[in-house]
Every structure is written in C-alpha cells, then in structure tokens.
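These notes are about the structure you will find just below.
A, B, ... follow the sequence lines: proteins, then strands. Residue 1 opens every chain.
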Amino acid sequence: MSAPAPRVVIVDDHGLFRSGVRSELARHVDVVGEAANVEEALACIDDLRPDVVLIDVHMPDGGGLEVIRRAPREQDGVRFLALSVSDAAEDVIAMIRAGARGYVTKTISGSDLAAAVERVRDGDAVFSPRLAGFVLDAFAGEPPPAGTDAELDQLTAREREVLQHIARGYMYKEIAQRLGISAKTVEAHVSAVLRKLQLSSRHELSRWAMERRLIDPE
Amino acid sequence: MIAAMAVPADAAPAEDVRRVRRDPDAGMIAGVCAGIAGRAGIDPIIIRLAFVAAALFSGAGLIAYALAWIFIPARQGGTVAARLRPARGNIEAVIGIGLLVLSAALLLRAVGWWVSDAVVWPAIAAAIGGALIWRQFVGPGGAAPAEATARAVQAEPRVEPLPGARRLSVAGVGVTLVLGAALVFLWANGALDAAGDAVLATVVVVVALGLILAPVWWRLGRNLAAERAERIRSQERAELGAHLHDSVLQTLALMQRRADDPREVAALARRQERELRAWLLDRPAARADKSLAGALEAAAAKVEESHGGGIEVVTVGDCALDDRAEAVLAAAREAILNAAKFAGDAGPIDVFAEVTPRRIEVFVRDRGPGFDPSSLPHDRHGVRESIVGRMERHGGRTEIRTGADGGTEVELSLERGAS
C-alpha cells in the first residue's frame, strides 16, 4: 500500500483486550496510544491526533458515546471505529449516530480489523453483516409521513442491494464484482447509507438511539 | 428537542380508528355526537336526538355530554381533561366547569325539568368523586403505551405527575364524595330510617378505625414495597451467581483442559458466548419454535455445536412458522449443515434471511472450495431432495453458485403471496 500506516489509539477498559488488539494490529498499523477511560481517551486524542480511534462501547464512566461526543470533530481528521462485544441494535445505532464511521464486534479477526481501520482512515464506512441487517430492518417499511426529509429516510434500491450483500457476508470487492460496479462505487453507496443512518429522523433510529441514551449515565 | 422528535412520531400511529374520538370539525358543539356516530357508523343526528332526549329527562344528557367532552380525546390532540390538569395551574378552569355544571343544574331545577333534589345532588357529587378516583388510578387520559413512553423520555415532562401522597389524598376526597353521595341518597330516600341507628354506629366506627389505622397501613405498605424490592434484588444476585457457576465457570474449566485443541476451545467459547448472550438478553429458547428468525438462529447454533466453526446469522424481518416458512427453514438447515460439513474449516459461514410481506429469502454462504451442482453424485440426497426438491414442492426456488475465488452460496426464495 502507498499510504503510510494509519495511526491508531485503542480505547478499552480491559487491559488484556487492549494488548491483544495491539499485538494483532502491530504488523498492519501504528498503534500510538492506549486509554482505559473517557478522560484518558480525550487527553490521548487531543495529544496524539490519531487517524483512527478504536473505541469500546461499554466503559464504566460513560462509554464510547461520551468520548465521541466530546472529542474533536471529524474535520480535525480523527475518525472513530466502534469495537464492542455487544451486538444490540441500540448500541450499534447510537454509536453510529454519535459519529462513529463503523462498527465491528470484538470477535473480528486481526487482518479484518486492520482492513477496517484503513477503510475508516480513508473516510469510508465499515459495515459488519449484522450492522447491515440492522440498517435494512430500520429502513424497512414505509418512510415516515411528509414533512421529513424523504431523501434521508429511505434507501435507494442500489443501497439496499449493497447492504444485502454485506449481510450475506460479501466483501466490498466481491460485491463490486457481482453487481458489475467498481469497488469505489460500492464504498460510495455504503458511505451514503452511513450518512442516512446518522441524519435520518426515522422513528426506529430515534427510538434505538434514545433507548441507549436513557441507559447512558450522563 | 427530543420531545419534538418523539411526540409527532408517536401521535400519528396512535390514531386508532377503533377508538371513539371527538370530531370537533364535524360537530355542532364539541363533536361528541359526531365522534360517536362516526365510530358506530350511523348518522350523527340519531346520537344528537338521543342526547337531547336524555337532556329533557332530568338533564342527564347534559351531564353525560359534558363528561364526554372532558374525557373523550379529540381526533387531533388529547382530552380536555388532560389539558386541564391542575399541574398546569388550571384549577380555575376546573372550578369554572364545576360552576357551569352547577348553574345548568340549577337552571334545570328552576325550569322544572328535575327529578328531585334527593337524586340529582348525590348523583353530581358521586360523579365528581368518581372522576377524581378515576383520574388518580387510571392515569393521565388513558394514554396509549407509546405515548406514555414518549412522555417518559421527554427532557421536560409536560405533566408533572402528582407525588404519591397527593395522589392518595385526591383519591381520598373522591372516595369520600362517592360514599357521602351514596349515604345522602339512601338517607334522602328514606332507606336509612329503618336501620338508622345501626348504620350510624357502623359509620362512626368505620371512620374512627380508618383514622386510627390509616398511618399504620401507610407505613406497612411502604415497608412491604421496600422489602419486596430487596428480595427481588437478592434473588437476582443468586440467579446470576448460579448461572455464572453452572455455565461460565464450567466452560472455562473445560477450556483449560482442552487448551491444546484450538478448534475445540473456539467452539466452546462460541457456545458459551451464545448462551450468555441469550441469557443476558432474556431471550427464551421458546421463541425458536414460534418465528422463522428464532428457528433459524437455533438451527445454526445446533450445527455449530455439532460441527464447530463460526456461523453468523443475520435476519431482517420475521414471520410465524407456517408451512412455507417451515419448508424454507428445513431447506436452510440442510444448506447450513452442508456448508459446515464441507466448508466449515475454510472460514466463517454467513446466513442471511430477509422476510418481507411478499417473500422469504435465505442465503447461506461458505468460504469452501465450492462445487458444481450439476456434477453432484446421485447419492447426495441432501442437496437434491432436502433443498432443491423441498423448495420446488412449495413453489420456491433454489440457486447455488460458486464464486470465482471459491465460496459457495445457496439462495432459497419463496413467495409468501398465496398464503
């Protein structure tokens, strides 16, 4: 690859897990820092300005949501990839709506994680099969009544197709091949879906995000 | 801002045609008759005549209309009662309505449309008392659950719920009004004369006992509630402990003993993970025989247990396990089993099911070397009969394809339209 290795900060309250991820990623990316709680994470991000922050959803003092909300915005070049053992819809959707550019579960393999980090660094979105399933579920059925932004509240046929392939376990490259489009186009579709996921006012999405916010100690 | 998001989203679906709603646009006064007629599917004039007739008979119609106005929500927006809730400082409005009812009653009395003082006054007192009790115990306007949750979520609640003590005392006033009205009614109609002394004695004793015991009951109730909460908590702790001991610790011990077999360890870890997740999410296994998604997950878990390897199931939508769903499920189970048997070592297996009102689609994808379906040996009944044959018998379709760089995907699809 031509670009330099992404600079990564790992935020997780389990030391064992941090060192595991660190050793798995060491060959592919440049792990510049680790943090075990929200305050440490914010200081670390402010200090090191990493390309990608791998962030745990559940932490004792407010969790990943808190970090994403308080960290410098994306125009400063810091992007978030959520990494969690949880695969509950409200966790996933809340992280994405707070600004994470992707969500993977902790059982992901080292090389897949490295690829995901690179994709997030490049500004693309990372959808696991499960996240794709959630999105298809959330955007199923009729869009909400008029007055809302119709464009944001439903998926195009192509976006739906791409998500279905992700849910079926295809990689972007394979999807591009199957649909007869370029890998860049697949990435553009996924990024568009991410944007809709973050901005849509669809009832299901608000509900999921809200459920999470209620549990979240603030 | 949250409220603004939640309320309109919830209010619209809560509009339920089966409920009676006032229709102020179509009504003469407040739309009560129009609303009832609309629900019953008859001409409003019939309901209106009925109310007028009831009004002529001792004014009952007027009172009924006023109550309906207050308690039946309008088609858009809530009940008048909800808008008049005292927390918003509308005591004046409540008093105003009371005075209106009173003046209407007095007017009727003066005109001569009147049964007798002995009936109407107790009835009015009982109605007010009843309304107070109902408001305390039925909850704000009988809000639909969705609306209630939305309210709970709002940053600034529109309606401050009355604190427990005030609730009880308001309800107490209501009880007193209703009981008093009943007694006055009996007394005024001479029913108490015969047993007068005995009743009086009973009432005095009951009231005295009530005064004495009320604080004790009050305290007792609170202690019981606290005790119950504590008991539930310790039960939960015990249950959690037992669960961790029975499953998680056992699995960890097993994993230490099998540490030299990574495949086995991974399988054990996955199984434990699945169990713990199901337990944490409180997903009873019973769901597995009710819905397609649940059954598919259960089937995948079973294959994973017997053949190892990781099987990821993603489902979108769901449906009941009818004949067609059963057929798809059976075919999918066979496909998953095949994938695990012949390609389980090559990498994870992805199962994706999408249920729409029109069709059921299931995709089972493995990372194995792949095979050519046309060159299947004849003894491979699995694919021929259990998958392709079964889908065809139910009017469905099977497609098996192998990617350029390996990996086989079995696609099952079945229209649901005919059912």
Side-chain angles (χ1 to χ4, degrees), chain A residues 58 85-91 105-109 111-112 127-142 144-148 153 155 160-161 163-171 173-175 177-178 200-207 209-215 218, chain B residues 1-13 15 146 149-150 152-155 266 269-270 273-274 276-277 280-281 283 293 310-318 339 347-357 361-367 401 403-411:
Chain A
H58 296 278
V85 290
S86 166
D87 52 13
E90 67 266 23
D91 287 338
T105 54
K106 285 186 175 177
T107 46
I108 189 173
S109 76
S111 54
D112 283 354
F127 276 35
S128 64
R130 194 163 292 273
L131 175 53
F134 284 149
V135 179
L136 285 170
D137 235 348
F139 283 90
E142 289 299 304
T148 50
D153 290 335
L155 302 176
R160 197 170 284 279
E161 223 170 357
L163 284 178
Q164 276 161 344
H165 277 85
I166 295 176
R168 282 153 66 179
Y170 284 94
M171 314 297 291
K173 224 188 303 169
E174 297 168 312
I175 298 173
Q177 226 167 37
R178 281 190 54 89
S200 164
S201 58
R202 274 194 86 103
H203 177 51
E204 295 85 347
L205 298 170
S206 325
R207 183 171 56 82
M210 223 156 2
E211 270 169 16
R212 186 73 186 94
R213 205 165 295 158
L214 273 184
I215 306 164
E218 281 198 55
Chain B
M1 191 212 108
I2 298 173
M5 241 161 52
V7 172
D10 280 328
E15 198 71 66
T149 358
V153 163
Q154 282 163 27
R270 263 196 80 84
E273 180 193 339
R274 206 168 41 237
L276 197 56
R277 265 186 213 289
L280 285 174
L281 292 177
R283 249 195 336 220
I311 302 176
E312 170 127 37
V313 182
V314 174
T315 57
V316 172
D318 204 352
I349 295 165
D350 285 282
V351 178
F352 173 58
E354 187 169 24
V355 182
T356 62
E361 281 178 304
V362 180
F363 301 84
V364 179
R365 181 158 188 268
D366 65 48
R367 310 293 201 274
R401 49 180 166 261
D405 37 2
T408 303
E409 185 174 53
V410 178
E411 173 182 348

> Taking only residues two or more places apart in sequence or in another chain, which ones pass side-chain contact (heavy atoms from CB on, under 4.5 Å) with B/Glu312?
Replying inline: A/Arg130, B/Val314, B/Asp350
> Going by an N to O cut-off under 4.0 Å, is there a salt bridge joining A/Glu174 and B/Arg365?
Replying inline: yes
> Which atoms form the tightest heavy-atom contact between B/Glu409 and A/Arg168, and what is the distance?
Replying inline: OE1-NH2, 2.6 Å
> Relative to chain A, which segment of B/Val313 carries a heavy atom at a distance below 4.5 Å: side chain, backbone, both, or neither?
Replying inline: backbone
>> Testing the basics here: between B/Thr315 and A/Asp137, what is the closest heavy-atom pair and its distance to 0.1 Å?
In response: O-OD2, 4.2 Å
